[in-house]
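Single-structure report; data block below.
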Amino acid sequence: MAIPTSPKGPNLNAAAVVPAAGRGERLGPGAPKALRDLGGVPILVHAVRVLARSRAVGRVVVVAPADGVAEVRALLADALGERENAVLVVVPGGATRQESVRAGLAALPDDVDVVLVHDAARPLVPVDVVDAVARTVAEGAEAVVPAVPLADTVKQVGAPAVPGAPEPVLSTPDRSTLRAVQTPQGFRRDVLDRVHTKAVAEGVDATDDAGLVERFGGRVVVVPGHEEAFKVTRPLDLVLAEAVLARRRSRDEF
């Protein structure tokens with residue numbers, strides 16, 4: 001089966017950072033979430049392969065648990081076989097996602113202009129989404145996030161009057177103005193370096209890199225995401241991911 005890649009285009013000098021040092025406790029006991037199997041292949045391998053299939057991405061830096069770098073490097077040894085010009089680097093991560101992203105940034109060559117940060121737990125993002133994010137940064141955006149409209153009504157709630165009591169509803173935001181954000185998120189390299197440096201200086205810890213850009217005065221724009229780019233966080237997500245992967249394979253799409 002031919003491996004799908006994105007159409008050839010201008011070299012964007014883009015690299016991807018994949019923080020994969022967390023354990024993902026909500027998925028249940030066992031191996032770290034990124035190393036769980038999806039269709040017989042670890043989730044992390046799926047995530048790395050989709051980045052490598054984008055013609056925009058020439059380097060992928062995987063940030064692994066500090067005690068698992070050798071294991072992850074061996075696991076991914078053949079993951080980029082379809083892209084001879086894509087470089088794979090595995091480095092140790094930190095105690096938080098933010099520390100791991102900084103470790104990944106530190107491993108990038110100075111000439112990288114565009115950085116994509118992708119959740120290892122989003123294995124099924126289509127390559128078109130990766131391309132769109134990278135292209136939008138290359139066209140001048142400081143930061144880009146793929147996102148999808150919300151299907152459910154959202155309520156803002158407050159703290160209950162008594163612990164364990166029902167939470168009071170404070171408001172119902174207009175969901176037409178809300179989006180569920182996915183990854184990869186894309187950034188100008190200098191912007192991402194700057195906001196991470198400021199976050200360290202000010203003691204800010206964030207789980208969303210685009211949120212750091214917003215916090216420190218940058219501008220973030222949204223491009224369309226995809227319903228299959230969901231995050232595998234809980235056991236039911238893994239069941240859904242298996243079903244999506246099986247459908248792709250039946251259609252020779254993966």
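- Taking CG of L76 as the start and CZ of R49 as the end, the distance is 9.0 Å to the nearest 0.5 Å.
- Side-chain heavy atoms closer than 4.5 Å link hydrophobic residues (I, L, V, M, F, W, Y) into clusters, and following such links, possibly through other members, connects V41 to L35.
- Minimum interatomic distance between P166 and P160 (heavy atoms only, all atoms of both residues): O-CB, 3.6 Å.
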For this session: Walk me through it: do L124 and H226 pass the test side-chain contact (heavy atoms from CB on, under 4.5 Å)?
Result: CA-CA 9 Å; L124 300 177; H226 195 280; over 6 Å; no

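- A donor-acceptor contact shorter than 3.5 Å links the side chain of R175 to the backbone of A151.
- Across all non-hydrogen atoms, the minimal contact from A180 to L150 is CB-CD2, 3.7 Å.
- Pairs engaging residues 152-168 under the side-chain hydrogen bond (donor to acceptor under 3.5 Å, both in side chains) rule: K155-T172, Q156-S171 [sequence neighbours left out].
- The closest donor-acceptor contact from the side chain of R249 to the backbone of G39 lies under 3.5 Å.
- Nearest approach of P92 to A103, heavy atoms of both residues: O-CB, 3.6 Å.
- In this structure, the side chains of R194 and V191 come closer than 4.5 Å at one or more pairs of heavy atoms.
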Exercise. Given the rule in the side-chain contact (heavy atoms from CB on, under 4.5 Å) test, do D131 and R55 qualify, once you have shown the distances and angles that lead to the verdict?
Worked result: CA-CA 8 Å; D131 290 343; R55 299 289 185 182; 5.6 Å; no

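- When every heavy atom of L51 is checked against every heavy atom of V57, the shortest pair comes out as O-CB, 3.5 Å.
- Results of the side chain to side chain contact (heavy atoms under 4.5 Å, CB included) test with V133 over L116, V114, V117 single out L116 as the only residue that passes.
- Looking at heavy atoms from C-beta onward, V101 lies out of side-chain contact with V63 at the 4.5 angstrom threshold.
- Side-chain contact between V195 and F187: absent, with no pair of heavy atoms (C-beta onward) separated by less than 4.5 Å.
- The distance from atom CZ of R234 to atom CG of L240, rounded to the nearest 0.5 Å, is 13.5 Å.
- In terms of modelled atom types and a separation under 3.5 Å, the side chain of Q185 and the main chain of A210 share a donor-acceptor contact.
- Within a 6.0 Å sphere centred on CZ of R179, heavy atoms belonging to other residues, nucleotides or ligands number more than 12.
- Between L88 atom CG and R59 atom CZ the span is 9.5 Å, to the nearest 0.5 Å.
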Exercise. Does the side-chain contact (heavy atoms from CB on, under 4.5 Å) test come out yes or no for V17 and L108, once each step is laid out?
Worked result: CA-CA 9 Å; V17 172; L108 296 177; 4.2 Å; yes

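- If you chain together hydrophobic residues whose side chains sit under 4.5 Å apart, V220 and V148 never meet in one group.
- At least one donor-acceptor pair under 3.5 Å links the side chain of R73 to the backbone N or O of V90.
- By the criterion of side-chain heavy atoms lying less than 4.5 angstrom apart, applied directly or through intervening Ile, Leu, Val, Met, Phe, Trp or Tyr residues, V154 is not grouped with V157; the two fall into different hydrophobic clusters.
- Inter-residue side-chain proximity for L38 and V232 is flagged as unmet; no heavy-atom pair is nearer than 4.5 Å.
- A distance of 9.5 Å separates CG in L238 from CG in L236, rounded to the nearest 0.5 Å.
- Within the structure, side-chain hydrogen bond (donor to acceptor under 3.5 Å, both in side chains) contacts touching residues 92-108 (residues at least two apart or in different chains) are R97-D119, R97-D209.
- Of all heavy-atom pairs spanning G68 and A64, the tightest one is O-CB, 4.3 Å.
- Residue R215 holds its CZ atom at 6.5 Å from CD of E202, rounded to the nearest 0.5 Å.
- If you take CG on D128 and CZ on R53, they are separated by 12.5 Å, rounding to the nearest 0.5 Å.
- Contact of the D237 side chain with the K231 side chain is not registered, since no non-hydrogen atoms from C-beta on lie closer than 4.5 Å.
- Inter-residue side-chain proximity for Q182 and V125 is flagged as unmet; no heavy-atom pair is nearer than 4.5 Å.
- No donor-acceptor pair under 3.5 Å is formed between the side chain of R189 and the backbone N or O of V115.
- The minimum heavy-atom distance linking I43 with A120 is given by the pair CG2-O, 3.2 Å.
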Exercise. Would T183 and H118 satisfy side-chain contact (heavy atoms from CB on, under 4.5 Å), going step by step from the backbone distance to the final call?
Worked result: CA-CA 5 Å; T183 69; H118 184 52; 2.8 Å; yes

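- In the hydrophobic cluster analysis, where Ile, Leu, Val, Met, Phe, Trp and Tyr join through side-chain heavy atoms closer than 4.5 angstrom, L178 is grouped apart from V223.
- Under the 4.5 Å side-chain heavy-atom criterion for grouping Ile, Leu, Val, Met, Phe, Trp and Tyr, L105 is not connected to V200 through any hydrophobic cluster.
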